2 protein chains.
Amino acid sequence: MTNGWSWSYDRYERDRERLVEALCTLGNGRFATRGSAPECTADATHYPGTYLAGGYDRRASVVDGRRVENEDLVNLPNWTLLRYRCRPDGGPPGDWLTPDSEDLRHCDVRLDLRGGVLTRHLLYLDDHGRGLRVSHLRIVHMGDAGLAAQCTVFRAYGWSGAVEVASVLDGAVVNAGVERYRHLEGRHLTDHRAGFGRDGVAWLTCRTADPGLGLALAVRTVTRPAGPAHEAATRTGTVQTYRLPVGPRRSVTVVKTLALRTTTDRPAGDPRQAACGEAADAPPFSRLVSTHRAAWRRLWQQGELHVPGEAGRVLRLHLFHLLQTLSPHTAELDVGVPARGLHGEAYRGHVFWDELFVLPYLSLHFPEVARSVLGYRHRRLPAACEAARRAGAAGAMYPWQSASSGREETPELHLNPRSGHWLPDHSRLQRHVGSAVAYNVWRYAETTGDRGFLHSAGAEMLLGIARYWAGAAAFDPSLRRYRIPGVVGPDEYHDAYPDATSPGIDDNAYTNATAAWVIARGLDLLGELPDVRRAELREGLLLDDAELDRWEDVSRRLFVPFHQGVVSQFQGYGDLAELDWEAYRARYGDIRRLDRILEAEGDTANRYQASKQADTLMLGYLFGAEELYGLFARLGYRLDDETWRATVSYYLRRTCHGSTLSSLVHGWVLARQKGPDAWRYCEEALLADVADVQGGTTGEGVHLGAMAGTIDLVERGITGLEAGPEGLKVAPVALRELPRFAFTLCAGGHRGVRVRVLPGRLGVRVPASPQGPLTVVLPGERRLAVAPGEERRFRL
Amino acid sequence: MTNGWSWSYDRYERDRERLVEALCTLGNGRFATRGSAPECTADATHYPGTYLAGGYDRRASVVDGRRVENEDLVNLPNWTLLRYRCRPDGGPPGDWLTPDSEDLRHCDVRLDLRGGVLTRHLLYLDDHGRGLRVSHLRIVHMGDAGLAAQCTVFRAYGWSGAVEVASVLDGAVVNAGVERYRHLEGRHLTDHRAGFGRDGVAWLTCRTADPGLGLALAVRTVTRPAGPAHEAATRTGTVQTYRLPVGPRRSVTVVKTLALRTTTDRPAGDPRQAACGEAADAPPFSRLVSTHRAAWRRLWQQGELHVPGEAGRVLRLHLFHLLQTLSPHTAELDVGVPARGLHGEAYRGHVFWDELFVLPYLSLHFPEVARSVLGYRHRRLPAACEAARRAGAAGAMYPWQSASSGREETPELHLNPRSGHWLPDHSRLQRHVGSAVAYNVWRYAETTGDRGFLHSAGAEMLLGIARYWAGAAAFDPSLRRYRIPGVVGPDEYHDAYPDATSPGIDDNAYTNATAAWVIARGLDLLGELPDVRRAELREGLLLDDAELDRWEDVSRRLFVPFHQGVVSQFQGYGDLAELDWEAYRARYGDIRRLDRILEAEGDTANRYQASKQADTLMLGYLFGAEELYGLFARLGYRLDDETWRATVSYYLRRTCHGSTLSSLVHGWVLARQKGPDAWRYCEEALLADVADVQGGTTGEGVHLGAMAGTIDLVERGITGLEAGPEGLKVAPVALRELPRFAFTLCAGGHRGVRVRVLPGRLGVRVPASPQGPLTVVLPGERRLAVAPGEERRFRL
């Protein structure tokens, strides 16, 4: 009985294994290990997949005759590897067994979400009727962020003799998890040293090439029955080999316990010494599992989410993976939100704008983690200012893709696997990423009431980004408005006008409207700051009255294009050709990557009114109707229900969902309209990874923004929930498909507030505390108070 | 007109210079530079004194035939050094000038507290009537924690020619700031590399021996008039030499700007590259000074404290130095509270229990910094548990002295400079340091309402320390009570019984009473935790019901000795001999270091009822009467006003204030008794550093606990103030000497609450905000509300 808390895969298929690996990844917010079979060998085409949060490395390669640099999420040495073979009494040793062996009869994998435990069972049976059952349990410890462990049990059927087991710690790994990146340099580890310490601990140290991060892994191997190990250190790792007696009533257990340390750990110290000590002193496997489970129980309570049925199971999987990438441990680290979690090498582990979909959830449930993710951006504010300066711009220009250094890491070339062409990549012109950072700063402070952050690091970011936008806007006397030229919006299919010689489109509605919003918030913030802090910031930024006058002006006169009574995705979008959607769907089936299809045909998506993903409609994700219409009114445009509905309907028909975020955003837009269709898009968003709707991309890493976003869509979107220090505002959409659900969040200074949505009713429970009551605001501005220790039900 | 905001020293005396250096140290919470004259040479006996917060290094030495290890606060390369000499037209060059030159006619140093700017003016006049005036300004930037700068202006009087200036970056530094440590290895920097980059930037990289922290310093030197530099890199540094024309109407300006980076910085990257870029791109000196001043203005507002007269000026100096050691930048770092600030090498920069005196202030004014200091202890919880394990004890045994690793760093031997003897140092038996950590956790959470911290990292520390105490207590059937043997209390003069063969005394009242308090708070905390968190902690700690029963029992039956109707400092204290105080004062004058005097006489302080500092009376610092009597009542002892007053009076007569904390604690005890004498002790505590009452110790580093403690004594002690999420409780002592004062703090979720104490009245102002009103509780349980944006005055 899985009870909605487990995922299982009951056969081994080489082709599908990448997907299973990504979805069965285990992590604790500090590092994650893909769910690969422990007996897979570490060769250049297979990679073990242990990733350290924030652990990036820069290498140079030559692609298509050009020198390019890539900064990759580093693939750490393989600590899971365990080779084994049978040595029947009196017979020759068998082959080393792997899931690819012809003798494999049965294989199943089960992921227990509640406890964060991955289990594999394999059964081998050879032609002589000799069976070997291999049962494997693995955890990456959620309580102690430097530890992981796996326990493997061998049972013999129909024979006796010995199992020969090689416990390997292998540093000869490369980044090879994404086929189309194999042209690039994938070796990131250098200066390997390996050896053995006390208590059967093998260690391996190495460092990355740039910035020279030092790594130490120590693995303690314990067998039952205890066996003498033959120990050998190689140039890049260690092997401990055991020959352990096995028989029908005599099983063999091999436990590997990993301790991981780096030179950036706190307290500072020698990583090898620390890792070896921790591995040697780590508790036995059973204790590790029980304390690990206890830590997960706490997380599941803080992030409690009860949604019935399959949707609930998928949402739980999403939360599981979110918390493996960003856990409470993350609050101590310098890490951002990698687009694909710590689950694979797609996008090289880079940070994009995905925290726009992740921060709302974190702010409501794990505010310290949310703050630390904003701190990650703040520590890279100098890099963003430097990028602006080099581009001749003002303020802070955050990069579309970034990694450790905070510099722009968007590749300059990308490969269309369909055509084999290397194409210039202009996606770095997505300057809207800065607005996402500013939006997150503002919303985090609104939700948590953390003015301390808003007035310190938050203000520095928000003002830097506002200044960038005010500077990027150029006044057009003919329009008597400011315009922002040469950008790319969230829809990456449009990176230039047809037949244009230079990249970028002008006046992307999403970019301009959010830029105006950011500048207006910058002005609001300056108004609310304590005098000395305002003076300090203005002094530091040399922000004079004339510049603030310009901010005011730009925030009221940025141009937003319209056509046919709808908001135009960008200036001239309405003039583009209409795509023959039916014809393309008929010809290609899946047209999510329409850009690649058209390029391979010698055409370009730039010619068509066809969007990869929500672009203009992103405004309906970020803003409720009132705020959105107010923003347009401030800009001197009339946006009302009618125009907005027409806009929504216009773009819904012209989007091919080439991003997992697309259906999520559409779900939000419809939920904000209280539309019954909202659930359809949410369900589609729920499928993104579990059904790998993009045909292989999940195997390269989960889609973290969409995962977190779906939970947030249920918790905030469908309930119309807004939490702040003043209380909790709720206005649920009545959904036939989801009449009842419940979740827990932080609101009004209370932790663990439980919200229950029921047909026509709403329950709110506030845990006992010495604090004052929580104010709940229901539709029609009905304000009600729930005292700590009470549960109240309200009729909607 | 200094207006209480500056300190000045108007003559140069070599002997007094160490004191001036320490009191004129500039820092920003990340690093600090002592206020040494820039032209002092860096030889083995003089040291430049730039210290990095948390930057420690371990070296081995042989002392008295024994190998000992010392972990020192590292002395960074000297970036301030500037050598200069005159080259009159047609004459030979003069000598290199230093303040020791016979030509020095005038010297003054001025420290501007408001702006954090140090100014030195020197006037040299040679036998030929040729004058050189050197004006020097220095800052360590409070806004950008990686920067510092100094500007030196040379003016010639009565001659013209050139000034030859050598701008030096010198890595050949040693720790030599404390005379009595010079037996120990003081070289901490290795692997020096030096060179020159763009824009006149000189750089120097090196690393510490253990743990191998990598350091990079980059210094940009700019002269006016611009002069070509002769650049030379040496093995351990760089020299840039300029020959700049000078004359009566032609001054010379030399600006050095430092950028400092280490391998532990976030984001991770190459320190040299980062430092060189920052030094090259740093704004000009005038901009740096104005943004630095603006940052200080903000700090002075957050920590506003208006106390009239000289006391106010000293308190401001104390706050100035506190904020140079622990600033908002500290919240991003892994640093604790070094006993002597970042101001010198005394105690090797180690962390003791001083945060007990610093945390209350930080919690009320800079809660993020307070939390980070607790986080520093939490990151060293594994080391404290390991120390307990090795000692055969349970739980967490925090070390008396610690540094980066969190291990015990108390020296095993110390030198009595009076006798020349090396003596065993048993001060590590001060196990009460753990109670200080637990106390800080609890009070921080009470003051700030940060339950998130209390329930996560805070709970782990508190329970670990409670467990240590429950295990350390041994049941004595004859007393039918638990006893804690073999410790040293805060009074370090008593580290053994007279003629005992083993160190430590038994049942130190302070140790036992605080241990009982810690265990009781551990039980309280377990009661208030959410169920899953309680279960997780109990699972992780294997904390069963039987053990909790023991906690309960120990917390109610720990032994506290009494004699002659007063609490005994420890079991048997009353049996010790009485010291002939008058005779010793007559013979030695200053008997603060009575221990050294007695040891040199062949006697020992262990024989006498004579305390170095407040020990039992520390209970009156930590607890108000109600809480203290309640604690004793829980232990089955009757403590009332009469007994406590007798106890206070008993120990006041038997304490020689060998610690700067002693008069501070006595001030607190009397303030809690609403005694008019409180101010006398407070005034004495105010003198500790500015008058260097310990005769030379301030020059080795300020006394940070006493500095912060005096501010806290005024703000909390004299006002009887308790702040918490529920509001602000105030009950001032009417002091003739201090009838009016005002300060600003955080309370009830409001930042910037201003409290004004006036004769018979109290004013409270709450800044405008969307939050609810602040509750103020006055004597007699009068509860009143102050709305945001309002100021109210109350009659007391």
Side-chain angles (χ1 to χ4, degrees), chain A residues 54 56 143 210-213 263-264 266-270 277-278 281 287 290-291 293-295 297-298 300-302 328 332 334 367-368 375-376 379-380 382-383 386 389 404-406 449 451-452 455-456 530-533 535-540 542 725-726 749 751-752 767 769-772, chain B residues 54 56 143 210-213 263-264 266-270 277-278 281 287 290-291 293-295 297-298 300-301 328 332 334 367-368 375-376 379-380 382-383 386 389 404-406 449 451-453 455-456 530-533 535-540 542 725-726 749 751-752 767 769-772:
Chain A
Y56 292 92
D210 178 12
L213 173 70
T263 46
T264 60
R266 295 174 167 186
D270 174 30
E278 272 170 52
D281 298 336
R287 278 282 297 150
S290 68
T291 52
R293 284 182 182 277
R297 269 199 298 279
R298 172 167 51 109
W300 285 121
Q301 193 186 56
Q302 278 184 261
E332 282 272 301
D334 179 40
E368 292 83 5
Y376 178 82
R379 284 185 285 274
R380 284 149 185 83
E386 172 70 10
R389 206 174 59 79
S404 179
S405 69
R451 309 315 273 181
H455 292 180
S456 56
D531 291 348
V532 288
R533 179 57 176 153
E536 179 189 4
L537 285 164
R538 290 189 60 174
E539 169 71 38
L542 292 174
E726 300 81 24
R751 284 174 176 252
S769 85
Q771 284 171 266
Chain B
Y56 292 92
D210 178 11
L213 171 71
T263 46
T264 59
R266 295 173 166 184
D270 176 30
E278 273 171 52
D281 298 335
R287 279 282 299 151
S290 68
T291 51
R293 283 182 182 279
R297 270 198 298 279
R298 172 166 51 109
W300 285 122
Q301 194 186 57
E332 282 273 300
D334 178 42
E368 292 83 4
Y376 178 83
R379 284 186 286 275
R380 284 149 185 83
E386 172 69 12
R389 206 175 58 79
S404 179
S405 69
R451 310 315 274 181
F453 178 82
H455 292 180
S456 56
D531 292 348
V532 286
R533 179 58 176 151
E536 179 190 4
L537 283 165
R538 290 189 59 172
E539 169 71 39
L542 292 173
E726 299 81 23
R751 282 173 178 251
S769 84
Q771 286 173 266

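Here the structure is a predicted model, which is why all the values come from computation and not from measurement.
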Examine whether an atom of R451(A) lies under 4.5 Å from a heavy atom of chain B, and if so say whether it belongs to the side chain, the backbone or both; otherwise answer neither. neither

Taking every heavy-atom pair that is under 4.5 Å apart, which of V532(B), L537(B), T263(B), D210(B) has the most such pairs with chain A? V532(B)

Specify which of G540(A), A535(A), S405(A), S290(A) makes the most heavy-atom pairs with chain B at under 4.5 Å. S290(A)

Side chain, backbone, both or neither: which part of D281(B) has a heavy atom under 4.5 Å from chain A? side chain

Checking E539(B) against chain A: side chain, backbone, both or neither under 4.5 Å from a heavy atom? both

Starting at CZ of R266(B), measure out to OG1 of T264(A) and round the result to the nearest 0.5 Å. 7.0 Å

Chain B: which of R389(A), R293(A), R379(A) shares the most heavy-atom pairs with it under 4.5 Å? R379(A)

Less than 4.5 Å to any heavy atom of chain A: does that hold for the side chain of E332(B), its backbone, both, or neither? both

Gap between atom NE2 of H455(A) and atom CZ of R751(B) - 0.5 Å precision: 9.5 Å

Okay, Q302(A) and chain B: the region with an atom under 4.5 Å from a heavy atom over there is neither

Mind ranking E368(B), E386(B), E278(B) by heavy-atom pairs under 4.5 Å with chain A and telling me who comes out on top? E368(B)

Just by modelled atom types, is the R533(A) backbone N or O under 3.5 Å from a matching donor or acceptor in the R297(B) side chain? no

Relative to chain A, which of D270(B), L542(B), L213(B) shows the most heavy atom pairs under 4.5 Å? L542(B)

Exercise: identify the closest heavy-atom pair between A268(B) and S404(A): O-OG, 3.5 Å

Which region of R538(B), side chain (C-beta onward) or backbone (N, CA, C, O), has a non-hydrogen atom less than 4.5 Å from a non-hydrogen atom of chain A, or is it both or neither? neither

Of the listed P211(A), G143(A), G406(A), the one with the largest count of heavy-atom pairs under 4.5 Å with chain B is P211(A)

So, the part of P530(B) with a heavy atom under 4.5 Å from chain A: the answer is side chain

Counting only non-hydrogen atoms closer than 4.5 Å, does R298(B) touch chain A with its backbone (N, CA, C, O), its side chain (CB onward), both, or neither? both

